[in-house]
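For reference, the structure discussed in these notes is given below.
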Amino acid sequence: MSGVPDEVWPQGERFAGLFSSPGWFRLAETAGARLRYLVTPSSDPAMLPVLVDGVRPGGGYDHASSVLRPALGPAPSWTPCLTVGSWNSTVSTGPVRSDPETHDSTATAAVTGLVERALSLSTEHAHRSLSWPFLAQDAAARIITAKPENTLALRCEPTTFMEIRQPSFEEHLAEMSARRRWKLLREERRFSDAGLELGVEPLTEIVDEALDLIVAGTARRGGPADRKRTESLLTAQSDVMGRRMIAFTARRARRLVAVTTAIVSHGGLHIRSFGATDDLVDRDGAYFVLTYGAPLRYAHEHNLHWVYAGLGAYEAKARRGFQLLPLWTAFITERPVTKEERAAAGKWNASVETRWRDWYRTKLRTELPDRWRWSYGRE
């Protein structure tokens with residue numbers, strides 16, 4: 001991270017602050033990612049990370065395949081894309097700045113300057129546009145304001161988050177519906193009755209034990225069963241995060257049989273990966289205890305303010321009190337966006353909103369929350 005001034009880094013404890021911290025980018029570099037950091041030269045600098053090596057085809061960051069092409073069709077004039085904005089995270093709040101919540105003309109100018117430099121870099125690397133994935137809605141709006149003629153914002157998959165409001169886990173339980181409380185306690189009983197011992201351990205001490213479980217868990221979710229890559233990432237997490245990198249563990253006769261990794265940072269708990277032996281997948285409550293129940297207890301016991309659970313398993317998370325936060329991917333090109341492209345983007349955004357409105361009505365028997373309603377891209 002040479003060349004990034006200390007004044008860039010945000011201060012304080014805030015949700016998603018981890019993804020804009022020097023530790024997060026040290027983790028990226030230690031895990032082998034090649035990032036380039038674009039910085040605005042000013043008294044209030046801002047930084048935009050650029051993923052130089054590109055994204056894994058079909059992976060979570062390949063939004064050209066999962067978002068852009070489904071919305072626009074083959075889109076040869078947009079691809080390949082240069083990915084900017086973060087690394088290995090599923091929420092971005094915009095450029096890295098000391099005070100990301102200040103949205104004045106200086107902040108808009110910083111976004112404009114960083115995007116223009118990134119576009120020049122994309123041309124150097126034979127890319128046709130920028131992809132800025134997993135943007136929170138207000139961050140997407142700021143990028144559109146900075147480059148309105150050149151930006152398409154398309155809805156992508158939401159992320160999941162819970163704010164800790166009660167001072168104790170007992171009070172958290174008391175505020176839950178009777179059914180939700182019964183399910184949580186039933187899962188914990190199943191876990192205990194199966195002879196599983198719950199623990200919280202530093203990841204640094206169990207990397208070798210956890211590795212194959214997490215590789216298998218990633219494969220079951222459709223991810224790459226890449227043992228070497230997973231080992232590199234777990235080792236980097238242990239080396240860079242140290243004691244902040246923890247594991248919720250299930251042991252049977254001292255043998256590790258299930259694990260969920262998490263980062264304790266910026267006043268919250270960021271859940272990372274789950275893995276288990278074949279006989280525990282979808283049985284004995286291991287997944288729900290290690291990924292929801294135990295982290296919530298831990299967050300209350302350690303006076304944390306939020307739990308972040310990332311993408312996927314939306315119904316299970318929503319039924320356990322997590323909010324689904326709508327996210328957007330901004331695609332930015334040097335040429336003006338055409339009328340036809342905006343129309344196609346509008347249809348995509350409307351169809352995604354409709355899909356999630358139906359999901360809320362069917363799965364949760366409630367209406368789509370107001371935070372989902374943004375009229376951008378529905379011209």
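As a basis for the values below, the full set of heavy atoms in this structure was taken, side chains included, without hydrogen atoms, waters or symmetry mates.
With sequence neighbours left out, the side-chain contact (heavy atoms from CB on, under 4.5 Å) criterion links Trp359 to Tyr314, Glu315, Ala318, Leu324, Trp356, Lys363, Leu364. Take Arg165 and apply the side-chain hydrogen bond (donor to acceptor under 3.5 Å, both in side chains) test, not counting sequence neighbours, and it matches Glu163. A search for side-chain contact (heavy atoms from CB on, under 4.5 Å) contacts involving Ala258 returns Ala250, Phe274, Ala276, Leu280, Ala286, Leu290, not counting sequence neighbours. The side-chain hydrogen bond (donor to acceptor under 3.5 Å, both in side chains) check on Ser131 picks up nothing, with sequence neighbours excluded. Looking at residues two or more places apart in sequence or on another chain, you find a side-chain contact (heavy atoms from CB on, under 4.5 Å) between Ser122 and Leu82, Leu119, His127, Leu130.
Between Glu124 and Arg117, none of the side-chain N atoms (NZ, or NE/NH1/NH2) sits under 4.0 Å from a carboxylate O, so this pair counts as no salt bridge. We find that Asp370 and Arg373 are joined by a salt bridge, their nearest charged nitrogen and carboxylate oxygen being less than 4.0 Å apart. With respect to Glu334 and Lys147, no salt bridge is recorded, no charged nitrogen being found less than 4.0 Å from a carboxylate O.
Residue pairs that meet the salt bridge (charged side-chain N to carboxylate O under 4.0 Å, His left out) test with at least one member in residues 287-298, sequence neighbours left out, are Glu188-Arg297.
Ring centroids of Phe331 and His63 are separated by 6.0 Å or more, keeping the two rings apart.
Checked by atom type and distance alone, the side chain of Arg357 never pairs as donor or acceptor with a backbone atom of Glu367 at under 3.5 Å. Proximity of a side-chain donor or acceptor of Trp87 to a complementary backbone N or O of Leu51 within less than 3.5 Å is not detected. Checked by atom type and distance alone, the side chain of Arg252 pairs as donor or acceptor with a backbone atom of Ala194 at under 3.5 Å. Between the side chain of Arg34 and the backbone N or O of Asp53 there is no donor-acceptor pair closer than 3.5 Å. Side-chain atoms of Tyr61 do not come within 3.5 Å of backbone N or O of Gly54 as any donor-acceptor pair.
Using cut-offs of 30° and 60° on the angle between ring planes, the pair Trp9 and Phe25 is tilted. Taking the six-membered ring where tryptophan is involved, the planes of Tyr308 and Phe19 are perpendicular, since the angle between them exceeds 60° and thus also 30°.
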